[in-house]
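The first residue in the sequence is number 1, and the count goes up from there. These numbers were taken from a predicted model, which means no experiment stands behind them.
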Amino acid sequence: MSTFTVNGKTHRFDGDPQTPLLWYLRDVSRLTGTKYGCGMSLCGTCTVHLDGEPVRSCVTPVSQAEGKAVTTIEAMSEDAVGRRVQQAWLDLGVAQCGYCQAGQIMSATALLRDNPAPDDEQINQAMSGNICRCGTYARIRQAIHRAAATQEDEA
Ligand code: FES
Ligand code: FES
């Protein structure tokens with residue numbers, strides 16, 4: 001039995017502890033905002049937070065979440081930084097097909113929590129594991145700067 005929280009609610013899973021967290025979130029919990037891309041920790045589209053740190057849920061077994069807090073894109077609107085990131089994404093119309101964007105927002109939110117005013121290089125480094133086949137990288141960078149500026153405005 002693995003016990004952990006997902007978006008603040010306690011979850012207990014008595015299936016195979018090696019089940020990828022992504023399958024648990026999508027197929028058991030029906031939290032389908034987190035997407036499956038490569039399944040090999042190569043694209044970042046499945047990114048969620050584990051105790052606030054970005055992880056690739058496709059290669060993270062449920063057992064690794066034991067006693068920890070899992071946060072998904074569905075809860076980002078309840079997170080002060082996540083809300084600003086999502087607003088910046090909307091303001092700049094970042095998404096094209098949208099498939100990668102939940103993962104992008106999870107990585108961007110984790111970055112801004114650690115570093116409230118990252119420069120381009122720091123953004124590129126933090127976001128390098130999140131692939132966008134539509135090539136929205138420039139707008140993602142702009143949106144992260146915008147979210148950072150919004151935080152400064154509100155500070
Ligand atoms: S689906 Fe997890 S990194 Fe690609
Ligand atoms: S918006 Fe289409 S893959 Fe990123």
Side-chain angles (χ1 to χ4, degrees), residues 1-79 81-90 92-115 118 120-144 147:
M1 171 84 73
S2 302
T3 305
F4 47 92
T5 65
V6 179
N7 300 337
K9 295 193 182 110
T10 300
H11 285 231
R12 292 185 182 84
F13 179 59
D14 59 7
D16 182 349
Q18 291 308 308
T19 301
L21 183 56
L22 178 60
W23 295 162
Y24 176 78
L25 293 171
R26 289 185 56 85
D27 295 350
V28 181
S29 291
R30 301 290 174 194
L31 292 167
T32 54
T34 308
K35 304 300 184 205
Y36 171 80
C38 65
M40 298 170 68
S41 194
L42 296 172
C43 74
T45 193
C46 66
T47 304
V48 300
H49 294 173
L50 198 56
D51 279 353
E53 295 298 321
V55 297
R56 308 299 187 230
S57 62
C58 68
V59 293
T60 303
V62 167
S63 60
Q64 213 166 302
E66 174 65 37
K68 295 185 176 167
V70 179
T71 311
T72 71
I73 188 69
E74 283 85 355
M76 280 301 94
S77 61
E78 295 155 25
D79 177 279
V81 179
R83 217 173 16 248
R84 291 184 192 114
V85 169
Q86 287 184 310
Q87 190 58 54
W89 248 244
L90 287 172
L92 295 181
V94 170
Q96 286 200 20
C97 80
Y99 199 81
C100 72
Q101 297 293 332
Q104 304 280 4
I105 286 171
M106 297 308 286
S107 291
T109 301
L111 165 64
L112 287 173
R113 282 214 201 101
D114 281 352
N115 180 354
D120 279 352
E121 200 177 317
Q122 290 166 329
I123 292 172
N124 290 347
Q125 193 173 353
M127 303 298 293
S128 64
N130 287 82
I131 307 301
C132 175
R133 292 186 69 175
C134 301
T136 62
Y137 301 111
R139 287 209 298 277
I140 286 172
R141 223 169 14 246
Q142 286 168 9
I144 291 173

Q104 side, atom CD; W89 side, atom CH2 - distance, nearest 0.5 Å: 6.5 Å

For C46, the option from C58, S41, P20 that meets side chain to side chain contact (heavy atoms under 4.5 Å, CB included): C58

Residue pair V85 / A108: nearest heavy atoms and the distance that separates them: CG1-CB, 4.2 Å

From SG (C43) to CZ (R56), nearest 0.5 Å: 8.0 Å

Any side-chain heavy-atom pair of T136 and Q101 under 4.5 Å: yes

M1 atom CE: more than 12 heavy-atom contacts under 6.0 Å: yes

Shortest non-hydrogen contact from Q18 toward P61: OE1-CB, 3.7 Å

Test item: L31 and Y24 side chains (from C-beta on) under 4.5 Å apart, heavy atoms: no

Test item: T71 and D79 side chains (from C-beta on) under 4.5 Å apart, heavy atoms: no

Validation row: F4, V62 side chains within 4.5 angstrom (heavy atoms): yes

OG-CG distance between S57 and L21, expressed to the nearest 0.5 angstrom: 5.5 Å

Pairwise side-chain contact, Q96 with R139, heavy-atom cut-off 4.5 Å (strictly under): yes

Residues L25, V6; criterion side-chain contact (heavy atoms from CB on, under 4.5 Å); working and verdict: CA-CA 9 Å; L25 293 171; V6 179; 3.9 Å; yes

Atom pair OG1/CD1 of T109 and I144 - distance to nearest 0.5 Å: 8.5 Å

Taking every non-hydrogen atom, the tightest pair across T47 and S107: CG2-OG, 3.7 Å

R12 side-chain N/O to T3 backbone N/O, donor-acceptor pair under 3.5 Å: no

Beyond-backbone contact of L111 with I123, side-chain heavy atoms, under 4.5 angstrom: yes

For the student: nearest non-hydrogen atoms of V81 and R113, plus distance: CG2-CG, 4.1 Å

Euclidean distance, Q142 CD relative to I140 CD1, rounded to 0.5 Å: 10.5 Å

Within 6.0 angstrom of E66 CD, more than 12 heavy atoms from elsewhere: yes

Candidate pair N7 and E74, rule side chain to side chain donor-acceptor pair (under 3.5 Å), full reasoning: CA-CA 8 Å; N7 300 337; E74 283 85 355; 4.7 Å; no

Within-4.5 Å side-chain heavy-atom neighbours: M106 and P54: no

Closest heavy-atom pair and its distance - S2, P17: OG-CB, 4.5 Å

Short side-chain to backbone donor-acceptor contact, N130 and G103, under 3.5 Å: yes

For Y137, the option from N124, V94, I131 that meets side chain to side chain contact (heavy atoms under 4.5 Å, CB included): I131

From CG (L22) to OG1 (T45), nearest 0.5 Å: 9.0 Å

